[in-house]
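One structure is given below, encoded as structure tokens.
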Amino acid sequence: MVVMQRLAVLLIVLVGGLKAHVSLTYPKADYPQYDFLHNVGTKDPCGIPLNSSTVPTTLRADSEVTITFRVGYVTTGGIKVELLDTDGNVLHDLTARDPENNGGFVSPPQCGDTSWTVTLPAGFACKRCVLRLVHQALEFTGPPGADYLFRSCATVTVTKLKGKRLLRCGTPVCSGHGKCGKKSCRCKSPWYGPFCQYKDGCRSHADCGSHGRCISLDSCSASVPQHQCFCQKGWFGPNCSQKSPLRTAAFKKSQYSSHVRASENLDIWTKVDKGKNELEVAIEFRGENTWIGIGLRPNNINETCRATAPGLYDKETDDEETLTEPEDENDHRDDDDDDDDEDDDDEETPTEPEDEDGEGENN
């Protein structure tokens, strides 16, 4: 939500992903994709339980893989990329031999969305192992004898097989968001990337309906999304399809039942429409060239937000709950493209390749 000068914003639906510190975008972080999983408040190795229902991303041994991730808050320090077994033991530190390595960590540009290329070890294979991104935050106090670290984990399978189809389209094939052609993946809009692994906010003005424009965010080269719908005044929501009564910064504050002065520059008004089962929030922000983020906190979580993984566990308890990622309704849309360039490659693309020499072993 971009805010310029004085702006009032109406929020009807307050649902969305968390964007705070670090989260893998490829391979995709295991669900739920929380990105404030630090080693002070959540458990090793990943801050959330490993999810046995996750479909692993298949990577090929002895190949370069570009890891992409979102950094929503710039912190002091670097990152490291590791392969773990399901017990959390480190099998390989993929950034250890990087020429940029400094004290075990490398330092990519921190510009919101960024990437780092690693080389998977030759002759190595594992089934359902874990790729973990570790991000330092040296300005904060970590646990005794350790740095303050954020972690994000993705379930992966590393195979020694070298099928052409695997190299072109990955496994799951085109991340489940496209078809494998003779040269590369053919992605369904709004998905893009070598393996259709990234979801854009929009790909053309038509995606934003008659009340918005598709604008390039023009941030980092690995930015996710690269484009986003910017709506006309009085319109909001997916594809700018929902009409708002707010068209200017002026609104009737007396119509709202609750008011909070959150800061010197920020006022928040709320009211509940029980007939529509909606919470309506109006934000008035007095500032320039910045943005506003808003979220909901469950009543059973206190104001310290100590449980940074709501519904799962914090560091003080052993209670765990495995959550299943909801299906994206866009994944089931019909693909009207013809199949003329479908690949007839007979080479098998394994979804769960067997480890010939033992799971997680370095050959």
Side-chain angles (χ1 to χ4, degrees), residues 15-59 67-72 79-94 126-137 140 142-143 146-158 171-172 175-176 197 295-302 304-328 331 351-352 355 359-361:
V15 178
L18 305 175
K19 293 183 179 178
H21 281 69
V22 64
S23 183
L24 284 161
T25 52
Y26 184 80
K28 185 180 179 181
D30 284 4
Y31 180 82
Q33 288 92 25
Y34 294 123
D35 49 11
F36 198 78
L37 299 173
H38 51 74
N39 60 339
V40 173
T42 62
K43 291 181 178 180
D44 285 330
C46 296
I48 60 174
L50 297 177
N51 197 329
S52 60
S53 66
T54 299
V55 177
T57 299
T58 298
L59 308 173
I67 307 300
T68 57
F69 51 96
R70 173 151 186 83
V71 179
I79 62 130
K80 69 166 58 176
V81 181
E82 302 168 316
L83 283 174
L84 316 178
D85 62 21
T86 53
D87 293 324
N89 301 307
V90 177
L91 303 175
H92 287 281
D93 182 342
L94 301 179
C126 66
K127 185 168 68 175
R128 298 194 67 84
C129 51
V130 178
L131 185 143
R132 180 172 69 173
L133 173 69
V134 181
H135 192 296
Q136 290 175 306
F140 302 127
D147 292 336
Y148 194 108
L149 303 171
F150 295 99
R151 301 96 89 216
S152 183
C153 292
T155 300
V156 299
T157 287
V158 180
T171 302
S175 305
Q197 69 268 45
L296 297 177
R297 175 171 53 84
N299 289 332
N300 61 350
I301 301 232
N302 62 34
T304 62
C305 289
R306 176 165 172 70
T308 54
L312 297 177
Y313 59 71
D314 62 15
K315 202 166 185 175
E316 298 299 317
T317 177
D318 292 327
D319 295 334
E320 299 183 3
E321 177 186 352
T322 299
L323 301 182
T324 302
E325 183 168 13
E327 292 185 356
D328 187 334
D331 292 352
T351 57
E352 287 279 342
D355 183 352
E359 183 172 340
E361 295 295 328

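Position 1 is the first residue of the sequence; numbering continues from there. The analysis underlying the following values was restricted to heavy atoms, covering all of them including side chains, and did not include hydrogens, waters or symmetry mates. Remember, it's a predicted structure, so these values are computed and weren't measured experimentally.
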Rounded to the nearest 0.5 Å, the CD1 atom of I67 sits from the CD1 atom of I79 at a distance of 8.5 Å

| query | With side chains defined as the heavy atoms from C-beta onward, is the minimum distance between V156 and L83 less than 4.5 Å? | reply | yes

| request: Find out whether D87 and P45 are in side-chain contact, i.e. whether some heavy atom of one side chain is under 4.5 Å from a heavy atom of the other. | output: no

* State, yes or no, whether a side-chain contact exists between T54 and R128 at a heavy-atom distance under 4.5 Å. => yes

Note: Y31 and I48 closest approach over all heavy atoms is O-CD1, 4.2 Å

Heavy-atom nearest pair, P56 first then P172, reads O-CD, 3.4 Å

Practice task
Check whether any side-chain heavy atom of L131 sits under 4.5 Å from a side-chain heavy atom of L24, and report yes or no.
Solution key: yes

Rounding to 0.5 Å, atoms CG (L133) and CD (E82) come to a distance of 9.5 Å

With heavy-atom distances below 4.5 Å as the criterion, would you say the side chains of C46 and V130 are in contact?
yes

* So do the side chains of L50 and T155 get within less than 4.5 Å of each other, counting heavy atoms only? -> no

request  = Please work out whether the ring planes of F150 and H38 are parallel, tilted or perpendicular, with thresholds of 30° and 60°.
outcome  = perpendicular

So Q136 and L149, side chain to side chain contact (heavy atoms under 4.5 Å, CB included) or not? Walk me through it. CA-CA 5 Å; Q136 290 175 306; L149 303 171; 3.7 Å; yes

Output for pair (L84 CG, L91 CG), nearest 0.5 Å, gives 6.5 Å

| query | Are the side chain of T25 and the backbone N or O of T68 linked by a donor-acceptor pair below 3.5 Å? | reply | yes

d(C153 SG, L37 CG) to nearest 0.5 Å is 8.5 Å

V158 and C129 have their tightest heavy-atom pair at CG2-SG, 4.3 Å

Side chain to side chain donor-acceptor pair (under 3.5 Å) test vs R151 passes for just one of D35, N39, T42, namely T42

**Prompt:** Mind checking whether D85 and C126 have side chains closer than 4.5 Å, heavy atoms only?
**Reply:** no

Is the closest side-chain heavy-atom distance between K28 and T57 below 4.5 Å? no

Taking every heavy atom of S23 against every heavy atom of S152, the minimum-distance pair comes out as CA-OG, 3.5 Å

